[in-house]
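Since the structure comes first, as C-alpha cells, the remarks are kept for the end.
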2 protein chains.
Amino acid sequence: MQKSTPKRPASSAVEDYLERILELINTKGYARVVDIAESLSISQASVTNMVQRLDGDGLLKYEKYRGLVLTTAGEELARNITHRHHLLTDFLQLLGLDAQTIHHDVEGMEHHVSPATVHAIESLTAQLKRQPALLERVRSGAAPARVGRATTAL
Amino acid sequence: MQKSTPKRPASSAVEDYLERILELINTKGYARVVDIAESLSISQASVTNMVQRLDGDGLLKYEKYRGLVLTTAGEELARNITHRHHLLTDFLQLLGLDAQTIHHDVEGMEHHVSPATVHAIESLTAQLKRQPALLERVRSGAAPARVGRATTAL
DNA sequence: AAACAAAGTTAGCCTCGCCTAACTTGCAGC
DNA sequence: GCTGCAAGTTAGGCGAGGCTAACTTTGTTT
Ligand SMILES: [Mn+2]
Ligand SMILES: [Mn+2]
Ligand SMILES: [Mn+2]
Ligand SMILES: [Mn+2]
C-alpha cells in the first residue's frame, strides 16, 4: 500500500496519461514511452518524467528502459476515466454534434464530472435513446413550440 | 485594438477571474482586488498579478491602487463564460443533482464546452423541460424498461 | 496633521506540466 | 561481437498560476 500519500484527486494530465496507457495496452498489448508520447502529442522526455511520477504514486510499475504495467489502483483509475470519456462521447453524439467538437469537449469535460453526474447522464442517455422524436427536435435546434409561430418552417 | 496578440483561447483561470469580476460589478457596482481574492479563495497578491495580465491582454483597464473596469472584449468574454455557467447549472439541476455537485462540476466543465455544444445543450434543456415524466425517470435513476421487470417497484 | 488599518503591490519562491538538447541503453543486422 | 539506430533518460529551462512576507498607498480616525 502507498502510505503517507494524501491521495489528492488525479490531475487532468494524470487521467489523460492513464487513459491512453490503458488503451494502448488493450490494443497493442503494451505501452511504450514512444507510443504514449506519439499518442498524446507530447515529447518522450515528458512521458518518461510523468511515468516516473506515476510509479512514485503507485499507479503503475516502471522499470527503467524495461517498460511499465498499471497497478490495480492505476488500472481502476484508467477504467474510470475511460468510462467517463465514453459516456460523454455517447451523450454528445446523441445530440448530433460533429466528431471533432465532441472529441475536443469530451477531452476537457471528462475530468470534471463527478460520480453523481456520471450516473445522472447515464440515466438521461438511456431515456433519450427511447425518444427519437425528441432527439430529432434537439438536433434540428427546434425552439419550444410557441402558439402562432410555425415550427416546421424553413 | 490589441495588436500582435495571437488571441489564444482564454485559460480556465482567466475565465474564472472575468466571470467573478463581472458578477461583482453587477452586484456591488465595482470589483476590488480584495473582493475578487475573497470570492475566488485566492491571495490578494495573486489577484493583483492576474489583473495586471488581463490589463496587458486588453480585457480590462487597470490603474494601480485605483481599481479596474472591464473593456468591451473583457465584458464579452465574461458574459460568455457566465452564460455557459448558467446553462450547465440549469441543465444539471434538471437532472436532479445536488447543489454542491452541480457547482463543482459546472465550475470545471464550463471551460470546455464549445459553442456548438452550448447550443445543443440549450436545445436539449428546452425539450427536457416539456418532458416532466422523462425527467422523473432520469431523477429516479430508472433503468430502461424491460419486459418482465417492474419499473415502479420500490 | 499624524497615526493607524485596510487595501494594494512587489519580490521571491514553488509546483505542475511541458519543452529541447545531449547523453545512454537496447537491439538488429551484419 | 561491432556498430548504428531507435528508444529511453537526464539536465536544464520556461510559462502559468499559485503562495508568503515585506513594503507602499489610501483612507479614516482622532
Ligand atoms: Mn482528457
Ligand atoms: Mn479522454
Ligand atoms: Mn470555472
Ligand atoms: Mn463559473
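Labels below follow one simple rule: chain letters A, B, ... track the order of the sequence lines, proteins then strands, and each chain is numbered from 1.
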key: Which nucleotide in dT9(C), dA21(C), dG18(D) has an atom nearest any side-chain atom of Gln52(B)   = dT9(C)
Pairs: protein N or O with nucleotides 14-17 of chain C N or O, under 3.5 Å:
from    : atom 1 : to       : atom 2 : distance (Å)
dG17(C) : OP1    : Ser11(A) : OG     : 2.6
dG17(C) : OP2    : Arg53(A) : NH1    : 2.1
dG17(C) : OP2    : Arg53(A) : NH2    : 3.0

message = Can you give me the closest heavy-atom contact between Leu97(B) and Ile102(B), atom names plus distance?
response = O-CD1, 3.3 Å
task = Give the rounded distance in Å between these two atoms: CG of Asp55(B) and P of dT9(C).
result = 11 Å
query = Do the side-chain N and O atoms of Asp98(A) and Thr101(A) include a donor-acceptor pair separated by under 3.5 angstrom?
reply = yes
query = Given the rule in the side chain to side chain contact (heavy atoms under 4.5 Å, CB included) test, do Leu68(A) and Ile36(A) qualify, once you have shown the distances and angles that lead to the verdict?
reply = CA-CA 11 Å; Leu68(A) 57 94; Ile36(A) 301 168; 4.3 Å; yes
query = What are the two closest non-hydrogen atoms of Gly58(B) and Ala73(B), and how far apart are they?
reply = O-CB, 4.1 Å
task = Could you tell me which residues satisfy side chain to side chain contact (heavy atoms under 4.5 Å, CB included) with His83(A), sequence neighbours excluded, listed by chain and number?
result = Val118(A), Glu122(A)
request  = Round to a whole Å and report the spacing from CD1 of Ile36(A) to C1' of dT9(D).
outcome  = 14 Å
request  = State whether the side chain of Ser123(B) and the backbone N or O of His119(B) hold a donor-acceptor pair below 3.5 Å, judged by distance alone.
outcome  = no
inquiry  = Strictly distance-based, threshold 3.5 Å: is any side-chain N or O of Ser140(B) a donor or acceptor partner for the main-chain N or O of Glu136(B)?
reply    = yes
Just the table, please: protein N/O against nucleotides 4-8 of chain D N/O, every pair under 3.5 Å.
from   : atom 1 : to       : atom 2 : distance (Å)
dG8(D) : OP2    : Val34(A) : N      : 2.7
dG8(D) : N7     : Gln44(A) : OE1    : 3.4

query = Taking the six-membered ring for Trp, are the ring centroids of His112(B) and His104(A) within less than 6.0 Å of each other?
reply = no
key: Ser43(B) side chain near dG18(D) phosphate (N/O to OP1/OP2, under 4.0 Å)   = no
